[in-house]
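Heads up: the structure comes next, in structure tokens.
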Amino acid sequence: MLRTHTCGELRRAQAGQTVILAGWVHSYREQGRELVFVDLRDRYGKTQVVFNTDEDTRIDALARRLRREDVIRVEGEVRYRGDGMTNAKLSTGEIEVRVHQLTLLSRSKTPPFEIEGGELPNEELRLKHRFLDLRRPELQRNIQLRHDLTQAVRSYFNDLNFLEIETPMLGRSTPEGARDYLVPSRVHHGSFYALPQSPQIYKQILMVSGFDRYYQIARCFRDEDLRADRQPEFTQIDVEMSFVQRDDILATIDGLVSTVMKKVRNIDVPTPLPRYTYHDVMARFGSDKPDMRFGMEITDITDIALASEFSVFRGVAGSGGFIRGLTVKNGAEKYSRRLLDVDLKNFVGDYGAKGLAYMKVAGGRLESSIAKFFSDEQQQTIISRMGGADGDLLLFVADTWKVTCSALAALRNRIGREQQLYDPQSFSCLWVVDFPLLTWNPEEGRFDAEHHPFCQPNPDDAEYLKTDPGKVRADSYDLVVNGYEAASGSVRIHDSEIQQMVFDLLKINSEEAERRFGFLLEALRFGAPPHAGIALGLDRWVMLLAGNDNIREVIAFPKTQKAADMLTGAPSEVDDRQLRDLRIAVTEQEK
RNA sequence: GGGGUCGUAGCUCAGUCGGUUAGAGCGCCAGCCUGUCACGCUGGAGGCCGCGGGUUCGAGUCCCGUCGACCUCGCCA
């Protein structure tokens, strides 16, 4: 070993010992010709080392040429710094190492940005020099947290007799869902593998094979546009169980969440986690992943609008639309006309809303350019239904159900954040259940699977499968944490007849079904146990535990919004030779 | 594919109405300093103002295009 201790572990108790440390020169302070201080840094902390001519002048000459981020090894004696000379900011601040021998292991160029302190450079530069960025304490902490969480997850499942089983990365493309990342086959000209969007089908097949408790920390790939919380490759905690029902999965994951949160961050999560139906959260929060760290629920006033004299509202209400609103407590003074008429109006416009109506509560009445269209009685009904009080701001969107939901949900999140309606350190975890199984796709003239085509219809709704498929609820569930979809799963179809009915509704004919999923359907014909599963987004979970809102901060080597790796330059062109082997020709882009 | 923000020294940024030699802090380099720890003091170097066009007597500044990063809508079974 090149060292006897790390830079984070020496204490006063070790005073007098001769030790060897190795690490990076974090900071360098020269104090006259013959006294040099260096803060030596490694993953574990920092230790002050001292060079002094008392010891050896030859070393001193080299010591004076040290620069930040050089890698050195020092041998020396641990000494108590002396009263009044300790540094409470360092865990090793009571001691220093007086160097007898210095070895320069590696020189560093001047880093393009400061490892600690100073403002963060732009992300492009950070990603190009990710090896330096990762030296920063925040990222070191995040990576450590990710490790802790992963280990806690493994330990939890291992204790419950789950098997961790790997599934292939080179799989078959199934055109459902997200775009696949394709990998050309050299041996089979013109054929392609697809990187997995998730191990969904493999894990179901493992259930048929009798591995009744499976989990995997699985890398998944989706070739879709990125967001702050979405990367093209990401990690799922993938879980599947046999001989279980929905509540068994929920209880298992309740246990996972509370155990892991306690273990890695000492956060108490009471279980069972609350459950809400899809219909309930859409009505109250406009979102299937509501942030329940604060209230400010949506109120529906469609009936009042229909009876009012306000033609815009009446028109929408009369043609099957909805008028729904939010109550911003004490918001009347906080949002100027400009903010309301321009900023917030444009904001809801991004979600398809054609306008944003607003009223202020003052003197027990409504104050607004549109208040005159509402009778006194209607005004009182609106105020009481929306829980309004003097000084409150009422915001309304009049549109289709879908638009009112997405616009008000986004508005609610924005105002909650802006007005600091919740503690950003807190956590709210909940289940959303009873999603619709199918959503009607008018363009294609068929239903689409809301979750995926293997999701079990809720047995209570079996009769609707033939009469009114849009009403069928799925036996599916999402775990929502602080407004993020943290996990998603379902009870799977284990009966090939029901599977056939669902394929019919999705207008996947049996020939097509056999071609795409034949291997799964065939497996289901050989004695498939009832099974159910779920997948948790590992990156998002770490992100939330790290108190971050960007997934790249918890991934060692993330990609940019255009899915490029700034460090390595991927994706890149390849040699013609490689393309010839694959018989692939690159064509010019069509204009 | 659409909308938005940004791009000036190694980094973070300022740069007025289009007008002299483009600035600051940090970092870097050199010198000084024997108890510093965001050390301090003195001095110095460092600029394709993302790139390409255009308007103008004159462009960091205005216009068009383009590249890149970020946020976002669509998209993400």
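A note on names: the letters A, B, ... follow the listed sequences, proteins ahead of strands, and every chain is numbered from 1.
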Pick base, sugar-phosphate or nothing for [X], based on heavy-atom distances below 4.0 Å to the nucleic acid.
X	value
A:Leu226	nothing
A:Arg81	base
A:Gln200	base
A:Leu90	nothing
A:Ser198	base
A:Asp549	nothing
A:Arg67	sugar-phosphate
A:Phe454	nothing
A:Gln231	nothing
A:Asn122	sugar-phosphate
A:Pro112	sugar-phosphate
A:Gln31	base

OP1, OP2 of [N] versus side-chain N and O of [X]: anything below 4.0 Å?
X	N	value
A:Arg222	B:C75	no
A:Arg126	B:U12	no
A:Arg29	B:C33	no
A:Arg33	B:C32	yes
A:Lys89	B:A38	yes

Under 3.5 Å, which protein N or O atoms sit close to an N or O of nucleotides 3-5 of chain B? Give each pair with its distance.
none

Parallel, tilted or perpendicular: ring planes of A:Phe517 versus A:Phe503, cut at 30 and 60 degrees: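 Rings of A:Phe517 and A:Phe503: parallel, as their planes differ by under 30°.
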Closest listed nucleotide, where the reference is the side chain of [X] and the choices are [options]:
X	options	result
A:Thr560	B:A69, B:C73, B:C37	B:A69
A:Glu114	B:G68, B:U36, B:G27	B:G27
A:Arg230	B:G74, B:C70, B:C37	B:G74

Paired with [N]: which nucleotide, if any, by Watson-Crick or G-U wobble criteria at under 3.5 Å for both distances?
N	answer
B:C13	B:G23
B:G43	B:C29
B:U34	none
B:C70	B:G4

Over 12 non-hydrogen atoms of neighbours within 6.0 angstrom of OH in A:Tyr80: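 Yes.
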Whether over 12 other heavy atoms sit under 6.0 Å from A:Lys289 NZ: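 Result for NZ/A:Lys289: open.
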Worked verdict on A:Arg41 versus A:Glu69 for salt bridge (charged side-chain N to carboxylate O under 4.0 Å, His left out): CA-CA 9 Å; A:Arg41 185 196 72 234; A:Glu69 301 308 313; 3.0 Å; yes
A:Arg417 CZ to A:Arg412 CZ distance, which is reported to the nearest 0.5 Å: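 A:Arg417 atom CZ to A:Arg412 atom CZ measures 11.5 Å (nearest 0.5 Å).
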From CZ (A:Arg492) to NE2 (A:His494), nearest 0.5 Å: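 If we round to the nearest 0.5 Å, A:Arg492:CZ and A:His494:NE2 are 13.5 Å apart.
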5′-ward residue of the pair A:Asn550/A:Lys562 relative to RNA chain B: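 Closest to the 5' end, via its nearest nucleotide, is A:Lys562.
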First of A:Ala564 and A:Ala178 reached from the 5' end of RNA chain B, by closest nucleotide: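 Comparing both residues, the 5'-ward one is A:Ala564.
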No-hydrogen, no-angle side-chain donor-acceptor test under 3.5 Å, A:Thr174 and A:Arg172: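 Side chains of A:Thr174 and A:Arg172: no pair found under 3.5 Å.
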No-H, no-angle donor-acceptor pair, [X] side chain to [N] base, under 3.5 Å:
X	N	value
A:Glu96	B:G35	yes
A:Arg64	B:G31	no
A:Glu30	B:U36	no
A:Arg68	B:C28	no

Ring-on-base stacking B:U36 with A:Phe37 (under 5.5 Å, under 30°):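 Taking the rule of under 5.5 Å and under 30°, the ring of A:Phe37 does stack on B:U36.
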Residues forming a side chain to side chain donor-acceptor pair (under 3.5 Å) with A:Lys46, sequence neighbours excluded: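 Partners of A:Lys46 under the side chain to side chain donor-acceptor pair (under 3.5 Å) test: A:Glu116.
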With sequence neighbours excluded, residues passing side chain to side chain donor-acceptor pair (under 3.5 Å) with A:Arg126: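 With sequence neighbours excluded, A:Arg126 shows a side chain to side chain donor-acceptor pair (under 3.5 Å) to A:Asp133, A:Glu553, given in chain and number order.
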Validation row: A:Trp541, A:Met543 side chains within 4.5 angstrom (heavy atoms):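 A:Trp541 vs A:Met543: side chains apart.
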